[in-house]
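The analysis underlying the following values was restricted to heavy atoms, covering all of them including side chains, and did not include hydrogens, waters or symmetry mates. Here is the naming used below: chain letters follow the sequence lines, and residue numbers restart at 1 for every chain.
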Amino acid sequence: MEQQSDEEVELREDEEDEEEDSDKDDQDLDKMFGAWLGELDKLTQSLDDGRPMRQKAPLRQETNMANFSYRFSIYNINEALNQGDNVDLDALMADLCSIEQELGSDPKPGGGGGGTRSGQSDAKVRQKPPAGRSSRHHVRAPSGHHGKAALNSNYSLDDITAQLEKVCVCVCLCLSVSVCVCFAPKLNSNPVMRSIVHSSRSSISSASGVSVNSASSMDSLDSVLHSEGGAPQISEHSYLDTHTSLILRNIEGKPPHLLTQEEQAAKLKADNIRVALEKIKEAQVKKLVIRVHLSDESSKTMMVDERQTVRQVLDSLLDKSHCGFSSDWSLVETINELQMERIFEDHENLVENLLNWTRDSQNRLMFTERVEKYAVFKNPQNYLLGRKETCEMAERNKEALLEECFGGGSVSVPEMEGLLWLKEDGKKSWKKRYFLLRASGIYYVPKGKAKASRDLVCFLQLDHVNVYLGQDYKNKYKAPTDYCMVLKHPQIQKKSQYIKYLCCDDVRSLQQWINSIRIAKYGKQLYINFQEATRRSEAAYDWSSLSSSSIKSGSSSSSLPESQSNHSDSGVSEMTSSSHARSQSVVSSIFSDAWRRGTQGEVTHTTHTHTVCFMCLLSTVNDP
Amino acid sequence: MAAWDLSIILEDLGPDTPPITLSVSSDLHVGGVIIKLVEKTQMKRDWSDYALWWEQKQQWLLRTAWTLEKYGIHADARLLFIPQHKPLKLGLPSGMTLKVWASFSSPVFQAVMTICRILNIRHPEELSLLRPLEEKKKKKDKDKVGEIYDLTGVRPAKGTQPVSLYNDVPAHFADSAEMEAIYKMLSVTQTQPAPEIITKQYRPSSVVDKAHINGRWLDSSRCLRQQGVQENDLLWLRFKYYSFCDIEPKYDAVRLTQLYEQARWAILLEDIDCTEEEMMLFGALQYHIGKVSQSEPERMSTNAAMENLESALQSLEVKMEGGSSSASDMLDTMMAPELSDYLKIFRPKKLTLKGYKQYWFKFQDTSISYFKSKEESVGEPIQQINLKGGEVAPDVNVASQKFLIRLLIPSPEGMNEVYLRCENEQQYAHWMAGCLLASKGKSLADSSFQSEIQSIRSFLAVQKTNSGSSSHTLASDESMNTHSLVSPRYHKKYKPKQLTPRILEAYQNISQLSMTDAMMRFLQTWQALPDFGISYVVVRFKGSRKDEVLGIASNRLIRIDLGVGDVVKTWRYNNMKQWNVNWDIRQVAIEFEGNVNVAFSCVTADCKIVHEFIGGYIFMSTRSREKSGTLNEELFHKLTGGHEAL
């Protein structure tokens, strides 16, 4: 909520007029809608002339950063701007058009947008006048209602409706056009809110604007509902004003089971409230536009909604980019300033992670194939058995092993332990310590003690940190080897004593550590992610690429240069040679690939052609 | 065929009564002998549970169709005519002692199945009977004091279908209020033991000690009487195989509780090693479970989300019916309670000696902002701190009235350390609760806010009673000693008042769990310990001159060096081709894939026990795949029976 209040501040100037409107007369929704529609048109126009970002980006910079909880990368925006006409607005426009079409049926989309002041933010704003530049009408809105509360129930219905509409706070992101993006959820939510109000007043249950019959005292509006209970949708339309009924069209696709209300009223009521709560949440959904830059200078833009998981984003990327459906495709965050990177886990929320970036961040989001992402599950024997050497294992046994480790009620964390180099807080030197991984965190053996559990010293617990792969730390930090991992809180973006650097002797133990830490941190979720990813890649394969020779071929374009270079790489010799013979099978040889990948860390970033960079035009501008 | 005299002792008639002599011939079958015997006693009673026991051979004559000749019984045989079922004292993991009817004639495996059926514990194959440790004489008297709950009257319905529950109580317990009370005791955790009791309990101090305990398991393929168990003897019922199939709190009240108790004692008695951080978490969970089980013995699965909805719904309804009240009120009730007050803040920084400064603080969503004074709180805050994703730690000492909240707030530059100082308990509880919720990304509007405040206050109350131990007049449930939550090692290491803040720190993360969730969490944490589920046996490997330890886990065998305690080698059952026991030289030989052969003789336990462990775990791994719910007893016997099974 607080962010939204902040963001409201940002667009304050633009909002001036509308706010005054609403300030003076909350009831005059139509007026407000009109104003909003105008705003929308303006924005659409600005989109059409193809320079939306330039207009909007500076706006963001004005924000008071002290408490600005959402950050975005100015760097990235600038980069986007520098590309000028290369900026691919087409894809974006396509997205927006589809949304507009959705909205098209509604002549007054502002109806949703206009009431965009949430009751919650009302409360907030009252407490928090710093954001108060924008607080004028929020603050007064409720009192206005109080004043008229003595009116009949008919009035209070409207009152409530207006209130509820305000709950639908919307945050608009980036390109001003995304304003209209935000309407979609709101349109849905408003009628719902209305109907909730109806239903709770009259014990008529209704969701998604579908009215429900029940016996109880009714005011005039309710009786309309009542009399036409048999054809609920129509009745809603007939009694609601034009704009609402038009809005209702948008929600006609709602599941019909909501119509069956003769069941327990209580249960339905609860359902309705849940729907309402969900809708409220939905109305507050932030969306942001991210740009995809392929390294061949082509670019893609896509819209991400704040609820989307990395998996969902990956799926839509895979759909668009025709690069095969390997489960190895990953979104990788690289933090240039700290020379580290991390593969986002499929279940993570993308927006949440991106919001950790600072405004001037040079971080990148890459779309790339990473064999190490699911190497744990493709060759579990090399990770889960605590062995030092790699080996092959029959598929059947792999499954059994995975089932054993992840199938039960609790996940057994791989027994990882060994000497690692640690760079201590603020010091330049690296010290060797004996580390152990347990489900409860990473521990080390204090000097002069045996490695009995009770004597272990907790190095850190995994709740608040993520594990990153350090790059070229031999140069940067004089690390003993280049096989480094970093543990830090995701929000830390600059050098800090709170970042822990660990260095392994070889790439093998580095990968084992990183993956074991992931298992300790995410547990079963990781396995679920893998299963989901495999399921999808298989389904996509069956469906789309029957002509191609194997799944592998789907992703061969990108993996090929890699494996070629690996054949010449001396480091490969330690890999099992048999894996090459079996490389047609998707699942088998991945592990050795993972090692190769590891040894090729630097190469990846310099030469790989399939690294796709996401332009993250990420900002959180409030809905005007 | 020639008739000869067979004398049979009828124990019921008293020890001095002379044996009854029957005239039999060798082709008479056992059933015939029993009929003759019963006729001769001229006693009218139910003899159906009685059977003949052959003393010299330590064997029941249960096959009534077999002739005496087939059994090889001659006139010198010492036969007893005794009941097959007798009462047995049963020590449960929770420390409760029960008296139950147990079969002394069927294999222990089946006896345990019956007992588990009485107690409504699913998956009896995971449990077995263990001979208790010999207690020292002095303690014995004390132990006698412990009450024994008589369940000999309880007879569950026969059959294999699951026990039917009425009001969460099995039908066979629902007869009387007393029985129901006993069942409740079985399914609710016991109160925390006093620290002295923990200290006095036997604690295995080495792997060898732990190995000796495993020598006490009864042979599951032979009956109780064959193993020298007498009527009214005490045996422990314990989970033997650390592979718990499908724990479902809804059906497994007793199973879950007893498993939790076993895990808890394993932790408290350092049967399994853990780190200090883990111990604090275990302590916090125990405290929480103890508290919750006392306050709400009610249904476990109250869905928080549903509750949330319900209350929202109710407030909606109330408001709507009120009619005149405005909608904004209604919305307010769904929104965050306000929290603002004067607090003191301190930011530790290098080279600054600034102390705590007082400001007007205000909670907003997941952030706190502070202002110079209340009056200025309409303007820009001096600063706003977003707690989301941060760490919140208590630094509290009730005795010295120190109520600090330590915040570690992430920022791009690193973590910022901030201390908030509260004046009193009340203030602290509110702000701490708010901070905790905010760090998890929840606002004060979250339904758990009030309960969070409550749990913080109640924990502070513990510290209060601990520190003011001089005025210790209150009942003992409130003045719970934190020492009773951790193993004796920490009794020495920390004073209660040092321990409390540490447990409190762990507690804040789990304080909102329901009892069942907390128990499950305890079990999961226990199962995640590296040494979990390893049963030790001292063995001598073939070709080795020294004793070593064999660790038997649910998926692998571990060879452990006795001196250093290091793992020498691990073999997984998945790679196992076969295992054999040479019963004559009592040696276990195992063959793994890749021509790996291992052979060893057992030192601290019979090789039957090792054999049973291995076979048992293999059995456990087969069952999850079937999912049929029925117990494949035959397979279990095949895998664990050894030569008796043949």
Side-chain angles (χ1 to χ4, degrees), chain A residues 1-2 66-67 69 119-120 122-124 127-130 132 142 145-146 149-150 153 156 159-160 163-164 167 200-201 269-270 273-274 277 358 385-386 397 400-401 404 407 409-413 415 438-441 443 452-454 456 458 461 464 489-494 496-499, chain B residues 244 247 273-278 281 306 309-310 312-313 316-317 320 323-328 330-332 335-336 338 340 362 364-367 369 378-381 383-384 386 388-389 391 410-415 443 489 520 523-525 527-531 555 565 570 572 574 621 624:
Chain A
M1 223 21 62
E2 173 256 322
N67 315 313
S69 53
Q120 282 175 315
D122 278 357
K124 292 290 135 50
Q127 295 168 0
K128 193 192 171 223
H145 294 308
H146 277 291
S153 52
S156 80
D159 180 14
I160 290 155
Q163 280 277 328
L164 288 171
V167 173
S200 35
R201 294 181 73 220
K269 250 191 274 175
I273 299 224
R274 187 178 340 183
L277 293 178
T358 53
L385 298 179
N397 291 343
L401 179 58
E404 185 184 301
S410 69
V411 171
S412 52
V413 172
E415 291 176 29
R438 299 169 73 99
S440 57
Y443 293 78
S453 300
R454 51 180 174 266
L456 297 179
C458 187
Q461 297 184 325
H464 297 283
H489 192 286
Q491 281 192 24
I492 301 180
Q493 302 284 320
K494 309 238 159 80
S496 154
Q497 53 163 333
Y498 292 95
I499 304 179
Chain B
F244 313 113
I247 296 175
D273 250 352
C274 64
T275 64
E276 197 170 310
E277 286 74 17
E278 287 156 354
L281 176 60
M306 257 334 267
L309 279 174
E310 280 303 318
L313 179 73
L316 253 183
E317 220 166 4
M320 298 321 292
S324 61
S325 62
S326 84
S328 60
M330 174 197 82
L331 283 166
D332 280 343
M335 275 175 258
E338 273 191 39
S340 50
K362 211 149 117 187
Q364 290 169 349
D365 200 46
T366 62
S367 299
S369 349
V378 244
E380 290 274 345
Q383 216 208 350
Q384 191 178 34
N386 192 346
K388 195 175 172 188
E391 290 175 46
S411 73
E413 290 76 30
M415 308 296 272
S443 73
R489 178 185 313 281
M520 293 300 276
L523 294 180
Q524 278 160 8
T525 316
Q527 290 177 64
L529 295 176
D531 293 340
N555 55 3
T570 304
R572 301 173 54 80
N574 279 340
S621 68
S624 46

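Closest heavy-atom contact between A:A400 and B:N574: CB-ND2, 4.3 Å. A pairwise comparison of heavy atoms in A:H464 and B:G389 identifies ND1-O, 3.8 Å as the closest pair.
A salt bridge between B:R572 and A:E404 is present, with a side-chain N of the basic residue lying under 4.0 Å from a carboxylate O of the acidic one.
Annotation: maximal heavy-atom pairing with chain B below 4.5 Å, among A:Q493, A:E415, A:R438, occurs at A:R438. Among A:S496, A:A439, A:S453, A:A452, the residue with the largest count of heavy-atom pairs under 4.5 Å with chain B is A:S453.
Only one option out of B:E278, B:E276, B:R489 pairs with A:R454 in a side-chain contact (heavy atoms from CB on, under 4.5 Å); it is B:R489.
To the nearest 0.5 Å, atom CD of residue B:E413 and atom CD of residue A:Q491 are 10.5 Å apart. The structure places CD of B:E277 at 6.0 Å from CD of A:Q461, a figure rounded to the nearest 0.5 Å.
Residue A:S440 touches chain B through both its backbone and its side chain, counting heavy-atom pairs closer than 4.5 Å.
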